[in-house]
Amino acid sequence: MPVSVVLFTSDLRLHDHPPLGAALSGGRRVVPLFVRDPGVDRAGFAAPNRLAFLADCLHHLDAGLRERGGRLVVRSGDVVDQVCAVVREVDADEVHLAGGVSAYARRREERGRAALAADGRRTVVHDAVTTVLPPGAVTPAGSDHYAVFTPYFRAWSGQPVRGVLGAPRAVPVPDAVGSEPLPSRAEVRGVSAGLAAGGERVGRALLAAWLRGPVAAYADRHDDLPGDATSRLSPHLHFGTLSPVELVHRARRSATAGAEAFVRQLAWRDFHHQVLAARPAAAGADYRPRQDRWRSGAQARADVEAWREGRTGYPVIDAAMRQLRHEGWMHNRGRLLTASFLTKTLYIDWRVGARHFLDLLVDGDIANNQLNWQWAAGTGTDTRPGRVLNPVAQGRRHDPDGAYVRRWVPELASVPGRAVHEPWKLPGLARAAVDDYPDPIVDLSAGLARFRQAREHG
């Protein structure tokens with residue numbers, strides 16, 4: 001009986017998994033393989049929160065495979081070397097995997113393809129596994145990618161989306177192939193105390209609950225900071241425990257304004273992936289350089305540390321940064337506000353903020369993290385690169401009664417209502433009661449003037 005290898009990467013699920021479905025066709029046996037890549041560690045991307053969530057995902061994947069008569073094979077080392085070793089052990093004639101987007105993933109695919117071809121084996125790379133449409137599926141005339149979201153969304157919305165595959169009923173795995181033990185969340189140090197559980201079963205339960213009702217209000221409530229009315233599915237999309245293709249199909253069946261707004265966010269995710277696929281250097285370099293001379297020196301470093309610790313003196317910024325540290329996740333509006341504050345109010349290089357987010361975010365990936373940071377900094381795809389989000393005005397708008405701030409900034413728990421967004425204006429005794437909370441580290445008008453002057457003079 002012929003044997004295929006399925007290399008799992010950021011697609012840790014059994015439902016709607018084209019590589020696994022193709023590998024099982026024709027009665028084949030399959031080796032479901034995950035390789036713990038030391039290159040991820042060396043590049044600084046093996047953050048504790050993602051390692052812990054990954055361990056959950058692998059346990060769920062292995063459990064699902066065992067229910068179907070199979071198991072997950074885990075190896076450690078160079079991915080191409082380990083794939084080739086497993087192929088030789090079981091005499092597999094083909095390897096299936098999901099297409100990657102980053103430069104690192106694409107180099108790995110090409111190395112694997114060449115190494116396997118030299119040994120007479122076939123590599124099959126599947127598109128539309130980790131995104132709804134593959135990068136390059138829609139392009140404007142004269143360019144290899146869309147640089148602005150709105151025209152991309154129009155083109156994206158007009159494209160057919162492939163059908164959803166069911167989970168396989170049986171996954172026969174050769175007995176001879178050996179595996180390392182599965183990693184465990186308990187082995188990981190430095191995990192955020194409030195980190196959510198990972199795994200396909202958890203993700204599917206969240207999705208079902210989301211589609212049963214909350215999605216209908218998403219268009220109106222997605223910026224509601226205290227209401228926390230977002231799906232929280234982003235970690236499951238990052239690790240692939242949920243299929244973005246399935247999410248689009250199921251959300252569209254809801255036929256509500258909220259569901260369509262949710263689908264639009266999935267299109268934003270695809271948009272960033274197609275930008276990065278076409279311009280891999282945007283992972284670390286300005287997509288649209290603005291000749292910024294970002295602040296540096298002792299005071300800038302002190303400001304960055306205050307931002308990281310949630311001690312800027314601007315309550316909505318500090319609440320969001322403390323949520324990030326506690327949960328390894330942050331509300332989408334909080335991400336926009338904290339990024340705008342760092343890059344445009346403090347005028348700190350966006351790469352400093354992007355690195356901190358990648359150190360903590362369970363859903364942190366290169367495409368969405370780096371390009372969203374560039375959007376906020378005005379060096380990316382935003383058509384209004386000079387926009388600045390005022391944290392006081394934004395706090396009043398999206399946390400009007402101050403409940404989000406009081407949840408994450410306990411020093412301000414005694415401050416009622418919207419007054420919590422400007423504690424420095426509290427009268428005598430009330431201000432003294434919140435002395436543990438710092439004064440603002442920067443005057444908003446001065447910060448804005450500094451940003452505009454720097455942009456104007458390069």
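Computed from a predicted model, the values in this text were never measured in an experiment.
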Separation between CH2 (W307) and OG1 (T345), nearest 0.5 Å, reads 12.5 Å
Carboxylate-amine/guanidinium contact R351 D286, below 4.0 Å: yes
Minimal heavy-atom distance between T123 and R113, with the atoms involved, is OG1-CA, 3.5 Å
Is there side-chain contact between R295 and R301, with at least one heavy-atom pair below 4.5 Å? no
Under the ring pair (Phe, Tyr, Trp, His ring centres under 6.0 Å) test, which residues partner H17, sequence neighbours left out? F8
Interatomic distance, OG@S243 vs CD@E200, rounded to 0.5 Å, equals 10.0 Å
So does R279 pair up with D144, basic N to acidic O under 4.0 Å? yes
Indicate, with yes or no, if the rings of F149 and W268 have centres closer together than 6.0 Å. yes
Do Y404 and H421 make the cut of ring centroids closer than 6.0 angstrom? no
Less than 4.0 angstrom from a charged side-chain N to a carboxylate O is my criterion; do D78 and R111 meet it? yes
Kindly check if the number of other-residue, nucleotide or ligand heavy atoms within 6.0 Å of CZ (R288) is above 12? yes
With side chain to side chain contact (heavy atoms under 4.5 Å, CB included) as the criterion, how do L276 and Q370 come out once you've worked through the C-alpha distance, each side chain's angles and the decisive distance to 0.1 Å? CA-CA 9 Å; L276 187 64; Q370 309 301 86; over 6 Å; no
Partner residues of A63 under the side chain to side chain contact (heavy atoms under 4.5 Å, CB included) criterion, sequence neighbours left out: R201
Minimum side-chain heavy-atom gap L116-R122 below 4.5 Å: no
Any chance the rings of Y146 and W156 have centres within less than 6.0 Å? no
Step by step, would you call D37 with R108 a side chain to side chain contact (heavy atoms under 4.5 Å, CB included)? CA-CA 11 Å; D37 183 0; R108 185 178 62 199; 4.1 Å; yes
Is a salt bridge present between D16 and R162, judged by a nitrogen-to-oxygen distance below 4.0 Å? yes
Identified salt bridge (charged side-chain N to carboxylate O under 4.0 Å, His left out) counterpart of E327 within the set R232, R407, R322: R232
L61 vs F34, side chain to side chain contact (heavy atoms under 4.5 Å, CB included): CA-CA, chis, key distance, verdict: CA-CA 10 Å; L61 181 58; F34 181 83; 6.0 Å; no
P244 versus T130: any side-chain heavy-atom pair under 4.5 Å? no
Test: R121 and D119 ion pair at under 4.0 Å: yes
Rounded to the nearest 0.5 Å, what separates atom CD1 in I441 from atom CZ in R311? 11.0 Å
I'd like to know whether L237 forms a side chain to side chain contact (heavy atoms under 4.5 Å, CB included) with D363, so could you lay out the CA-CA distance, the side-chain angles of the two residues, the decisive distance to 0.1 Å, and finally the verdict. CA-CA 8 Å; L237 285 165; D363 59 13; over 6 Å; no
Is R75 salt-bridged to E89, going by a charged N under 4.0 Å from an acidic O? yes
Backbone of S234 reached by a side-chain donor or acceptor of H238 within 3.5 Å: no
Roughly how far apart are D223 CG and T230 OG1, rounded to 0.5 Å? 10.0 Å
Kindly state whether the ring of W375 and the ring of H272 have centres lying under 6.0 angstrom apart. no
Could you tell me whether E305 and R308 make a salt bridge, using a distance below 4.0 angstrom between a side-chain N and a carboxylate O? yes
Between L324 and H356, is there a side-chain heavy-atom distance shorter than 4.5 Å? yes
